[in-house]
Amino acid sequence: MVGRLNVFAVCTLITLLCAMGSDGVKPALSKRQWGVNIHFTSARPGEMEQLAQGFQINRMDFSWASIESVKGVYNFSHYDGLLKQQQAVGVQPYWILDYGNPVWTNGTAPHTQEQYDAFARFTVAAMTHFCGNNVVWELWNEPNIPGAPSSSLMTNHGLQGWNPVANVHDYAALYSTIAAAITAIPGLQNETLIAPASAGIDLHFIEQFFQLANNLSRLDGVSVHAYRNSIPESVLEDYARLQSLVNKYFPKTIVADQPKLISGEWGWSTCVDKSGTPITCIGGAFTGNNTLNDQAKFLARQWLINALAGIPISIFYDLFDDGTNTSLGENNFGTMYNQYNNESVPHVPKPSFVAAATLQRYLGDFEFSGRLNATSTTSSKCSPSHKPDGVVDEYSYVLQFGSDRFAVWKTNGTLGCMAGDRFKVDCGFFGITQGQCEARGCCFELPYRSGPQCSFKRPLETKGTVTFTLPSTLHSATGTAPCFDIITFLGHSVGRVCATANGSVCLPSSDEPNLLVTTRS
């Protein structure tokens, strides 16, 4: 649409077309979805079809500057085309209302009431135009970090943030203006608004935002970018702290529907040197040295852990590499390589794309049912009875989807020390000696590279077995129990496992998830 917004006509129309259903559930957040970031508004032949094999939703900048180049005139044509391509393959849109506009802010983030009002009118126009298409609307991208679009560092590595300097007061004022504007239009009540898309899980920024913003009841989700140089499971403690903050400002006794936690962006880069050895990337989020297989298993475990945490939307960063320089962070976060080939195979997939497609195929349409208690060993073989010993192992994960599908992996194993370990956890104090460190049963790194010099031993080999008991609904009192096909996280069928008469299941496991799918025989 190109033209000025006729507010009266629009309000009348959208009230009729977009009013919320009687159940009050926001359609865009009504089911779990696993998705990916993209950086285009027009997919080349075959790209959207390839994307849909691994992802149900995609996140993309919805640029104020590109849409409103003349004050009060909104050109949504590029996003009309993108939406049409997404809908053709059943992919849900997740769009980021973001960044400055030369005609209003001279490129900086909004910081006056006039600019807040202009951005709010842009938001109302966007929501109105795309009303009823289950768009997830997110306010800004990483406003808790400084941004400078004209800077070569920011341009080359994709960082935008809040230009020129992060300012939670301005961000809260912008949100408050937008929330008031869309609340005043009944027909927009079913549009989904989430915020703040913080870089990291920045509890200080998020709490300040909660304290300063008005109309918080209009907030449908709290989005964060949980990048980390550690295993995906470590996010659970961070989510717990974030949920406590949400509980504080949105007490369940007062608020019928708390805003949901949203995993809005998070991935692992795969930079390598000239010899192909994984290296720490230059620029971009710091995620350590990752092999292609690391990235793939972390994607799988990120999505599975987010399901465990009740996260309705998980966005992996990024669809395909944003360039071909193998040492730059932004060029190597993709689940596919950068080069476009042809309509049949638009991009060569990395193992992480295969992992995404595997999880979507076997678990994507099944609701998360819960986590089962499990035990594990470092042995490669199951005992004859393989009955759980009753001691729950917090490092063994058995997640149930639907009634008879499971994801199984473990993160514990044989402890040891490794030079240059990327996952070191501090075991000492500044100035600790090697003798003092080793007396604690910890690892002392010499020569020292980075991180704590004295760190706890950690699993260097996670292979072993995991044992769990099926829910009673899956095995009968007569001792008949189901068998399962074992599918690796990369989609390979590697055998079959059957439960014992008491419903116990044991299978070889590691930190690479296996999926169990019921065999009908």
Side-chain angles (χ1 to χ4, degrees), residues 30-35 52-57 90 232-233 236 263 296-314 316 351-376 382 386 388 392-393 395-411 464-476 480-521:
S30 62
K31 60 172 294 205
R32 185 196 73 245
Q33 295 192 86
W34 292 325
Q53 296 174 31
F55 307 101
Q56 300 162 314
I57 182 170
E233 292 78 9
L236 290 174
S263 179
K297 69 183 179 183
F298 289 162
L299 178 149
R301 285 158 53 189
Q302 178 203 100
W303 285 1
L304 293 169
I305 283 296
N306 281 347
L308 173 61
I311 307 293
I313 295 178
S314 300
F316 192 82
S352 55
F353 181 83
V354 178
T358 299
L359 262 66
Q360 296 288 13
R361 176 182 177 185
Y362 291 102
L363 304 179
D365 293 331
F366 293 83
E367 291 188 9
F368 173 69
S369 303
R371 180 181 180 180
L372 305 185
N373 291 339
T375 60
S376 67
C382 295
H386 53 258
V392 177
D393 177 4
Y395 301 105
S396 296
Y397 296 85
V398 179
L399 306 189
Q400 182 178 2
F401 291 82
S403 62
D404 57 1
R405 297 190 175 214
F406 302 88
V408 182
W409 76 99
K410 63 193 288 288
T411 60
T465 62
V466 168
T467 303
F468 65 97
T469 300
L470 294 172
S472 58
T473 54
L474 283 180
H475 64 92
S476 67
T480 303
C483 294
F484 300 88
D485 291 324
I486 305 173
I487 311 295
T488 73
F489 74 110
L490 294 177
H492 304 300
S493 179
V494 293
R496 194 173 181 227
V497 61
C498 295
T500 62
N502 62 19
S504 177
V505 176
C506 177
L507 72 157
S509 297
S510 69
D511 63 353
E512 299 180 351
N514 284 319
L515 310 181
L516 302 186
V517 180
T518 303
T519 302
R520 305 298 180 186
S521 61

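Summarising the local packing, CZ of Arg361 is surrounded by 12 or fewer heavy atoms from other residues, nucleotides or ligands at distances under 6.0 Å.
Using a 4.5 Å cut-off on side-chain heavy atoms (C-beta onward), Gln302 and Phe316 make contact. Proximity of Phe353 to Leu299: side-chain heavy atoms (C-beta onward) are nowhere separated by under 4.5 Å. Pro508 is not listed as a side-chain neighbour of Val466, based on a closest heavy-atom distance of 4.5 Å or more. Within the 4.5 Å cutoff, no side-chain heavy atoms of Gln400 are placed close to those of Arg405. Using a 4.5 Å heavy-atom cutoff, the side chains of Leu516 and Ile486 are in contact. Taking 4.5 Å as the limit, some side-chain heavy atom of Leu399 sits within range of a side-chain heavy atom of Trp409. Side-chain contact between Val497 and Cys506 is absent, with no heavy atoms from C-beta onward closer than 4.5 Å.
Here CG of Leu507 is found 6.5 Å from CZ of Phe468. Values are rounded to the nearest 0.5 Å. Once rounded to the nearest 0.5 Å, the distance linking CG of Leu490 with NZ of Lys297 reads 11.0 Å. Rounding to the nearest 0.5 Å gives a distance of 9.5 Å between CG of Leu308 and CD1 of Ile311. Atoms CZ and CG, from Phe484 and Asp404 in turn, are 6.5 Å apart once rounded to the nearest 0.5 Å. Rounding to the nearest 0.5 Å places CD1 of Ile57 at 10.0 Å from OG of Ser314. Residue Lys410 holds its NZ atom at 7.5 Å from OG1 of Thr465, rounded to the nearest 0.5 Å.
Asn514 and Thr488 are not linked by any side-chain donor-acceptor pair at a separation below 3.5 angstrom, with hydrogens and angles left out of the test. In this structure, a donor-acceptor pair under 3.5 Å is absent between the side chains of Gln53 and Gln360. With hydrogens and angles left out, the side-chain atoms of Ser376 and Ser396 include a donor and acceptor closer than 3.5 Å.
Contact record, Phe406 with Pro471: CZ-CD, 4.2 Å, taken as the closest heavy-atom pair. Residues Ala300 and Pro513 come closest through the heavy atom pair CB-CG, 4.3 Å. Scanning both residues, Arg496 and Asp485, for their nearest heavy atoms gives CG-OD1, 4.3 Å. Taking all atoms of both residues into account, the shortest heavy-atom contact from Leu236 to Ala309 is CD2-CB, 4.1 Å. Of all heavy-atom pairs spanning Ser403 and Leu474, the tightest one is O-CD1, 3.2 Å.
The side chain to side chain contact (heavy atoms under 4.5 Å, CB included) with Leu363 is formed by just one residue from the set Thr358, Val517, Leu304; it is Leu304.
Among residues two or more places apart in sequence or in another chain, the side chain to side chain donor-acceptor pair (under 3.5 Å) test is passed with Trp34 by none. Take Ala357 and apply the side chain to side chain contact (heavy atoms under 4.5 Å, CB included) test, not counting sequence neighbours, and it matches no residue.
In this pair, Phe55 and Trp303 present their aromatic rings perpendicular. The plane angle is above 60°, beyond the 30 to 60° band.
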Q: Test side chain to side chain contact (heavy atoms under 4.5 Å, CB included) on Asn502 and Thr469 and set out the steps.
A: CA-CA 8 Å; Asn502 62 19; Thr469 300; 5.8 Å; no
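Taking 4.0 Å as the cut-off between side-chain N and carboxylate O, Glu367 and Arg32 do not count as a salt-bridged pair.
No donor-acceptor distance shorter than 3.5 angstrom exists from the side chain of Arg301 to the backbone of Ala296, with no hydrogens or angles considered.
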